[in-house]
Amino acid sequence: MTKPGHESLRIDRIACTGHGQCAELLPELISLDEWGYPVQHGTAVPRSLRAHARRAIRACPRLALRTTAQDSPP
């Protein structure tokens, strides 16, 4: 049986216009720089924060935030 993979958080910096909602909803993984744009603190989304990450993704007005599934190494 295959081990479940993990999710990685991705910010599309081209699409992002700096609304800051992602940092408000997911401060454990995202903060804002001095211009109000998101700064990631690591890419792996811990299992305990996945629901919060999905909520932040849905709230992004520019659809600039997403997660991608990553396979665990064997």
Side-chain angles (χ1 to χ4, degrees):
M1 184 167 185
T2 309
K3 290 182 182 179
H6 69 276
E7 293 182 16
S8 293
L9 189 66
R10 302 282 185 229
I11 298 172
D12 181 346
R13 287 175 172 60
I14 302 296
C16 180
T17 55
H19 285 91
Q21 289 176 321
C22 57
E24 289 181 27
L25 295 171
L26 197 57
E28 299 87 350
L29 298 177
I30 302 172
S31 64
L32 299 178
D33 67 12
E34 59 267 20
W35 297 287
Y37 287 90
V39 176
Q40 273 181 259
H41 304 287
T43 58
V45 179
R47 187 175 304 275
S48 62
L49 293 177
R50 287 183 184 173
H52 295 286
R54 285 189 285 275
R55 185 178 71 185
I57 290 166
R58 286 191 307 269
C60 180
R62 299 290 300 178
L63 305 175
L65 189 64
R66 68 180 186 277
T67 58
T68 57
Q70 302 292 317
D71 292 330
S72 295

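Nothing here was measured: the structure is a model prediction, and the numbers come from that model. All residue numbers in this chain count up from 1 along the given sequence.
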Student: Mind checking whether L29 and L65 sit in one hydrophobic cluster, side chains of I, L, V, M, F, W, Y counted as touching below 4.5 Å?
Tutor: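 Yes, same cluster.
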Student: Considering non-hydrogen atoms only, spot the tightest contact between P38 and C16 and give its length.
Tutor: CD-SG, 3.4 Å
Student: Between L32 and I11, is there a shared hydrophobic cluster once you connect ILVMFWY residues whose side-chain heavy atoms come closer than 4.5 Å?
Tutor: no
Student: Please report the closest heavy-atom contact between P27 and L25, naming both atoms and the distance.
Tutor: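 What the structure gives for the nearest pair is CD-C, 3.5 Å.
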Student: When rounded to the nearest 0.5 angstrom, what distance separates CD1 in I30 from CD in Q40?
Tutor: 6.0 Å
Student: Of all the heavy-atom pairs spanning A59 and Q21, show the shortest one and how long it is.
Tutor: O-OE1, 2.7 Å
Student: Shared ILVMFWY cluster between V45 and L26, side chains joined below 4.5 angstrom?
Tutor: yes
Student: Would you list the pairs meeting side-chain hydrogen bond (donor to acceptor under 3.5 Å, both in side chains) in which at least one residue belongs to residues 50-67, sequence neighbours left out?
Tutor: none
Student: Looking at H6, R10, E7, which hits side chain to side chain contact (heavy atoms under 4.5 Å, CB included) with T43?
Tutor: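 Only match with T43 under side chain to side chain contact (heavy atoms under 4.5 Å, CB included): R10.
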Student: When rounded to the nearest 0.5 angstrom, what is the spacing between CG in L9 and CD1 in I57?
Tutor: 6.5 Å
Student: Could you pull out the closest heavy-atom pair between A64 and C60, with the gap in Å?
Tutor: N-SG, 3.2 Å
